[in-house]
Amino acid sequence: MKQQEDIHGIQRACYSKSSKAGEQFIKEHGISFIVSGEMEAYDGNTKHLYRKGDVVLYRKNALIRFVKYPGHDGFEAISVILEKNLLKEFAERHEIHSDKNPKESLFKVEPDELISSYFTGLETWFGNKISIELANIKKIEIIHLLLRNNKALKNVLFHFGMPGKIDLEAFMNTNFRFNVPLTQLAFLTGRSLATFKRDFEKLFQTSPNKWIQQKRLTEAHYLLEHKKMKAKDVYLEIGFETLSHFSYAFKNRYGINPSQL
DNA sequence: CTTGCTATACTAACTTAAGC
DNA sequence: GCTTAAGTTAGTATAGCAAG
């Protein structure tokens with residue numbers, strides 16, 4: 001059972017049962033407040049765990065995998081999406097500039113009283129008819145609240161550049177577990193799809209998908225053999241969508257079934 | 001020489017369902 | 001719970017072309 005509501009980018013998500021894997025490619029900045037339950041967010045390097053009452057800002061143009069764990073009273077989160085145009089207007093009005101390219105994808109915000117009551121107040125918004133203008137005012141409010149005691153966030157929120165050309169090998173090694181189209185991987189490394197593939201061939205002497213699959217299966221093999229994990233716990237971790245396909249691909253490569261390790 | 005784009009063929013990935 | 005297999009599709013590889 002799940003329930004999702006969206007009023008012009010102010011969202012509420014509730015899950016009463018099964019934990020649920022979420023979005024991988026983040027298109028716009030967003031901020032989430034955990035009302036109940038726990039949320040795990042994986043950024044390619046580490047898994048961050050957020051609990052009831054936590055506030056987390058996630059950056060656009062990042063790869064993040066969310067898993068939501070309902071507590072005894074279910075999982076609920078309220079999120080506010082901060083679109084580029086809104087942020088641009090804000091930056092112009094207040095003459096804010098950011099030139100630093102943020103490296104992290106997730107930023108935990110220490111919520112003060114104002115931020116906490118901002119989110120709890122939003123609860124009453126759902127179910128009402130809210131105009132887009134009103135929703136935008138509410139979004140501007142949270143931007144002010146965020147900047148009020150966290151000046152460094154301006155470098156995250158108001159960075160409007162496209163991803164620059166970054167080191168392909170390092171990028172691939174941290175992000176191969178994300179199951180997103182090559183066009184997005186190419187974009188995130190600051191390359192066109194064609195250049196991405198050409199650079200890839202030069203670097204790894206193979207095509208992106210072959211390399212990615214190889215890499216995932218190698219990791220799967222390691223997790224199964226040394227960490228004694230079960231197939232059903234492994235396949236999602238490393239970027240496979242279905243257990244049956246994972247099983248097939250694994251046997252194709254190693255000649256044995258994942259359960260036989 | 002490098003880069004971006006396009007057309008075509010292909011294959012890896014997914015769905016479904018059945019079996020162990 | 002894990003594997004196999006058949007059927008379908010979406011995403012990818014590849015090469016060729018045009019332009020910077």
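The figures that follow rest on heavy atoms only: side chains count, while hydrogens, waters and symmetry mates do not. Note on naming: letters A, B, ... go to the chains in the order of the sequence lines (proteins, then strands), and numbering restarts at 1 for each one.
Each side-chain hydrogen bond (donor to acceptor under 3.5 Å, both in side chains) pair with one or both residues in residues 110-130 of chain A, not counting sequence neighbours, appears once here: A:Arg12-A:Glu123, A:Asp112-A:Arg148, A:Asp112-A:Asn149. For residues 240-251 of chain A, the side-chain hydrogen bond (donor to acceptor under 3.5 Å, both in side chains) pairs, not counting sequence neighbours, are A:Asn179-A:Glu241.
Here the side chains of A:Lys60 and A:Lys84 are in contact, with some heavy-atom distance below 4.5 Å. The closest side-chain heavy-atom distance from A:Gln184 to A:Gln24 is not below 4.5 Å.
Using a 4.0 Å cut-off between a side-chain N of Lys or Arg and a carboxylate O of Asp or Glu, A:Glu83 and A:Lys139 qualify as a salt bridge.
Comparing C:dT3, C:dA13, B:dC5 by their closest approach to the side chain of A:Ala194 singles out B:dC5. In the set C:dA13, B:dT3, C:dT3, C:dA13 carries the atom at the smallest distance from any side-chain atom of A:Ser207. Considering only side-chain atoms of A:Ser247, the nucleotide from B:dC14, C:dT12, C:dT3 that sits closest is C:dT3. Relative to the side chain of A:Arg198, the nucleotides C:dT12, C:dT3, B:dT3 differ in distance, and B:dT3 lies closest. Among the nucleotides C:dT14, C:dT4, C:dT3, the one closest to the side chain of A:Ser244 is C:dT4. In this structure, of B:dG4, C:dT12, C:dC2, it is B:dG4 that holds the atom nearest to the side chain of A:Thr195. Comparing B:dC14, B:dG4, C:dA13 against the side chain of A:Asn209 picks out C:dA13 as the nearest.
Rounded to whole Å, the distance from CG on A:Leu217 to P on B:dA13 is 9 Å. Here the P atom of nucleotide B:dA17 and the CG atom of A:Leu243 are 17 Å apart, to the nearest Å. Nucleotide B:dA12 holds its P atom 15 Å from the CG atom of A:Asn179, rounded to whole Å. Protein atom OH of A:Tyr254 is 18 Å distant from nucleotide atom C1' of C:dT3, rounded to whole Å. Between A:Gln213 atom CD and B:dT11 atom C1' the separation is 11 Å, expressed in whole Å. Whole-Å rounding puts the A:Glu201 CD to C:dA13 P distance at 10 Å. Following rounding to the nearest Å, A:Tyr248 (OH) and B:dA13 (P) show an atom-to-atom distance of 10 Å. In this structure, CG of A:Asp199 is placed 7 Å from P of B:dT3, rounded to the nearest angstrom.
Put simply, the side chain of A:Lys197 and the base of C:dA13 share a donor and an acceptor less than 3.5 Å apart.
Along DNA chain B, the nucleotide closest to A:Lys202 and the one closest to A:Lys210 are compared, and the more 5′ of them pairs with A:Lys202.
A donor-acceptor pair is defined here as one N or O able to donate and one able to accept, closer than 3.5 Å; no such pair exists between the side chain of A:Arg216 and the backbone of A:Glu237.
Applying ring-ring contact (aromatic ring centres under 6.0 Å, His included) to A:Phe66 and the options A:Tyr58, A:Tyr42, A:Tyr15, A:Tyr50 leaves one that passes, A:Tyr58.
At C:dT3, none of the side-chain N or O atoms of A:Gln260 fall inside 4.0 Å of OP1 or OP2 (strictly under the cut-off). For C:dC2, the OP1/OP2 oxygens have no side-chain nitrogen or oxygen of A:Ser259 closer than 4.0 Å. In this structure, A:Lys251 reaches the C:dT4 phosphate: one of its side-chain N or O atoms is under 4.0 Å from OP1 or OP2. Here A:Asn257 does not reach the OP1 or OP2 of B:dC20: none of its side-chain N or O atoms lies under 4.0 Å away. In this structure, A:Asn252 does not reach the B:dA12 phosphate: none of its side-chain N or O atoms is under 4.0 Å from OP1 or OP2. Within the 4.0 Å cut-off from OP1 or OP2 of C:dC2, not a single side-chain nitrogen or oxygen of A:Lys232 is found.
Axis deviation across the helix from B:dC1-C:dG20 to B:dC20-C:dG1 amounts to 50°, comparing end segments of five pairs, rounded to 10 degrees.
Separating the CZ atom in A:Arg59 from the OG atom in A:Ser105 is a distance of 4.5 Å, to the nearest 0.5 Å.
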